[in-house]
Amino acid sequence: MYEGKIIKFYREKAKLTQQQLGEGICSDTHVSKIERGMTDYSRQITSLFSKRLGINIEEEVKRYKNIKKLLNHWHDAIIKELFDEAKKIKDELEKEPLLQITDYQILFELLKARYYLMHNNLEQADIIIKVIQIKNKKLPPYESNLLKHLLGISYLSKQDMIKAVNILKTINPEDYKNPEYYLNLSTSYLAVNSKIMAYYYAEKSLQYFIKTNNILKMIDAEMIMLMTRESEGHRDFQKIVEQYKALIHTCEQCKASDKKARLLHNLAFEHYSRHKYEDASRMYQQSMVLKKKSAVYLTSLEGFIRSCFEGNLLSEHELITLCRDGLSVAREINQYLYLISFKLLLYLINNQQSEYFSYLSSDALPYLKKCGYVTLVQRYEKELFNYYLESDEKGKALELADILINSG
């Protein structure tokens, strides 16, 4: 089977007809049947073909069979975030000419998209995904579920949380057999404020990461589980802080600065939500130092500005300068969510109340609802409701009250 495909590949590469390859060995009809795997043949015939084509058929078969092992190894390296190893395997696969005659071309392209997503190269990943969707109306079960997983990761990166949840929950674990996707599903559920589901899938992913000794992803899973827990009083909060610090220490030992940055950001939010603005601002700042100018950087910058504003830690001029810096980065990296966030902050800092609530109603809330930012939507709707009551706009207040009651 493999020999026939390999012989056909090298025959066409040498620009020989089936008749020319078989001359003095066998008929062109027999060559055709060998290439299509439709007949038995002797080792002597494939040896003669190999000699004419200038190849070692045994070595070529070994290389052919090794391709699937390489693809599995590559996927494993990506899951474990072994960046150097993943790049090495990618380079090796891209130099392998036999890949194009295997049944694994689509799997290779999908894993290449996954590789680009690992490096936050959304543009390259999207190109591959779209080409696969156009060219392949029906994929094998594993590849079909892998494509759904990639789309889910892509939607999460683009911060379209509703689409992320909807696509990830359609994955069939029996066909896919890659429990890593539970972590992405957990992340998307947390983003739409479904904490029970977020905890459930984070715990499922954690069991898989413990089993496969994937420490970096264990940190991610435990981080989500921490974010779903609600503390009751000072004692519980101190326990949460200790758990965060333990995970931060693990990150330092693993040299995982990106995960340390996320943990610092989340711990900063825990302090911010308890009005501990100085502690929050300090941790947001520590998180920002570890991040490149990206969406996650802007998330911490926004938290830092809010902590400093509500805690009266910086002057109005300093706060406005920081907001403008945030707007500049958001435009540069095309992050509409943060264009909204920093515009709202500027209205607040400048005490432009009517402009703030007008923009919140006309632009911010529709966008946040569309993308599924449930927590932000609920927060801003409550703000808007109180504003309408204070402004004696009872009709609008009643409309929002109905929405708030029905959303639970």
task = Tell me yes or no: between the side chains of Tyr338 and Thr299, is some donor less than 3.5 Å from an acceptor?
result = yes
task = Check whether any side-chain N or O of Thr321 sits under 3.5 Å from a backbone N or O of His317 as a donor-acceptor pair, and report yes or no.
result = yes
inquiry  = Centre-to-centre under 6.0 Å for Tyr142 and His149, is that the case here?
reply    = no
query = Could you give the distance from CG (Leu206) to OH (Tyr201), rounded to the nearest 0.5 Å?
reply = 16.0 Å
inquiry  = Using a 3.5 Å distance criterion without hydrogens, assess whether the side chain of Ser157 forms a donor-acceptor pair with backbone atoms of Ile153.
reply    = yes
key: Salt bridge Lys259-Glu81, side-chain N to carboxylate O under 4.0 Å   = yes
Flag side-chain contact, heavy atom, 4.5 Å: Phe357 against Asn386 = no
message = Assess the residue pair Phe49 and Arg11 against the criterion (side-chain contact (heavy atoms from CB on, under 4.5 Å)); give the C-alpha distance rounded to whole Å, side-chain angles, the decisive distance to 0.1 Å, and a yes or no.
response = CA-CA 9 Å; Phe49 285 165; Arg11 175 181 64 76; over 6 Å; no
Heavy atoms from other residues, nucleotides or ligands near CZ of Arg379 exceed 12 (cutoff 6.0 Å) = yes
task = Please assess Arg306 against Tyr284 for the test side-chain contact (heavy atoms from CB on, under 4.5 Å), listing each intermediate value before the final yes or no.
result = CA-CA 10 Å; Arg306 284 190 181 278; Tyr284 278 130; over 6 Å; no
query = Less than 4.0 Å between a side-chain N and a carboxylate O, is that true for Lys80 and Glu85?
reply = no
request  = Would you mind checking if Glu58 and Lys62 are paired as a salt bridge, meaning a charged N to carboxylate O distance below 4.0 Å?
outcome  = no
Leu337 side chain near Leu368 side chain, heavy-atom distance below 4.5 Å = yes
request  = Considering non-hydrogen atoms only, spot the tightest contact between Phe309 and Leu348 and give its length.
outcome  = CZ-O, 3.9 Å
inquiry  = Does atom CD (Glu23) have a neighbourhood of more than 12 heavy atoms from anything else shown, all under 6.0 Å?
reply    = no
Under-4.0 Å salt bridge between Lys158 and Asp126 = yes
task = Could you check if a side-chain atom of Leu151 sits within less than 4.5 angstrom of a side-chain atom of Ile129, using non-hydrogen atoms only?
result = yes
message = Check whether Lys217 reaches the backbone of Ile79 with its side chain - one donor and one acceptor, N or O, closer than 3.5 Å.
response = yes
key: Atom pair CD1 (Ile167) and CG (Leu156), whose distance is rounded to the nearest 0.5 Å   = 12.0 Å
query = Under 4.5 Å between any side-chain heavy atoms of Ile248 and Glu252, yes or no?
reply = yes
ask   = Distance from Leu93 atom CG to Leu70 atom CG, nearest 0.5 Å?
value = 5.0 Å
request  = Taking Ser47 for its side chain and Arg43 for its backbone only, find out whether a donor-acceptor pair lies under 3.5 Å.
outcome  = no
task = Answer yes when Lys13 and Glu60 have at least one side-chain N-carboxylate O distance shorter than 4.0 Å, and no when they do not.
result = no
task = Could you tell me whether Tyr367 and Tyr336 have their ring centroids closer than 6.0 angstrom?
result = yes
task = Provide the closest heavy-atom pair for Leu290 versus Ser257 in the form atom of the first, atom of the second, distance.
result = CD1-O, 3.9 Å
inquiry  = A quick test of your reading: do over 12 heavy atoms of other residues, nucleotides or ligands sit less than 6.0 Å from CD of Gln253?
reply    = yes
inquiry  = Below 30° counts as parallel, above 60° as perpendicular, anything between as tilted: where do the rings of Tyr2 and Tyr64 land?
reply    = tilted
task = Determine the minimum heavy-atom distance between Met223 and Leu263, stating which atoms define it.
result = CG-CD2, 3.5 Å
request  = Inspect the contact between Asp325 and Lys293 and indicate whether a charged nitrogen and a carboxylate oxygen are less than 4.0 angstrom apart.
outcome  = no
message = Can you tell me if Gln105 has over 12 outside heavy atoms packed within less than 6.0 Å of its CD?
response = yes
ask   = What's the shortest heavy-atom distance between Ser144 and Leu139, and which atoms?
value = N-CB, 3.9 Å
task = Check the pair Ile106 / Lys135 against side-chain contact (heavy atoms from CB on, under 4.5 Å), numbers first and verdict last.
result = CA-CA 10 Å; Ile106 294 172; Lys135 287 187 175 180; over 6 Å; no
query = Which pair of heavy atoms, one from Pro97 and one from Lys95, lies closest together, and at what distance?
reply = CD-O, 3.0 Å
task = Any chance you could lay out the side-chain contact (heavy atoms from CB on, under 4.5 Å) test for Glu270 and Met283, step after step, and finish with the verdict?
result = CA-CA 10 Å; Glu270 294 282 359; Met283 289 173 195; over 6 Å; no
Residue pair Val329 / Leu301, side-chain heavy-atom distance below 4.5 Å = no
request  = Looking only at non-hydrogen atoms, find the nearest pair between Leu313 and Ser281 and report the distance.
outcome  = CD1-OG, 3.6 Å
query = Side-chain contact, heavy-atom cut-off 4.5 Å: Tyr181 with Asn145?
reply = no
ask   = Looking at residues at least two apart in the chain, or sitting in another chain, which of them share a ring pair (Phe, Tyr, Trp, His ring centres under 6.0 Å) with Tyr272?
value = Tyr277
key: Over 12 foreign heavy atoms within 6.0 Å of CD, Glu94   = yes
task = Flag the pair His119 / Tyr115 as yes when their ring centroid distance falls below 6.0 Å, and as no otherwise.
result = yes
Short N-O contact, Lys88 and Asp91, less than 4.0 angstrom = no
remark   = Rounding to 0.5 Å, atoms NZ (Lys343) and CG (Asp363) come to a distance of 7.0 Å
inquiry  = So, taking the atom named OG in Ser194 and the one named CE in Met161, what distance separates them when rounded to the nearest 0.5 Å?
reply    = 14.0 Å
task = Please determine if Arg262 and Asp220 form a salt bridge, counting it only when a charged side-chain N lies under 4.0 Å from a carboxylate O.
result = yes
query = Roughly how far apart are Ile101 CD1 and Lys8 NZ, rounded to 0.5 Å?
reply = 9.5 Å
task = Taking the side chain as every heavy atom from C-beta outward, state whether Phe237 and His271 have any atom pair closer than 4.5 Å.
result = yes
query = Between the main-chain N or O of Phe269 and the side-chain N or O of Ser273, is there a donor-acceptor pair closer than 3.5 Å?
reply = yes
query = So which of Lys68, Arg63, Lys69 actually passes salt bridge (charged side-chain N to carboxylate O under 4.0 Å, His left out) with Glu96?
reply = Arg63
message = In the structure I gave you, are the side-chain heavy atoms of Tyr116 and Lys90 within less than 4.5 Å of one another anywhere?
response = yes
key: OH/Tyr200: more than 12 non-hydrogen atoms of other groups inside 6.0 Å   = no
message = Between Gln159 and Tyr373, do the side chains contain a donor N or O and an acceptor N or O under 3.5 Å apart?
response = yes
ask   = Is Ser307 reaching over with its side chain to a backbone N or O of Gly303, donor-acceptor style, under 3.5 angstrom?
value = yes
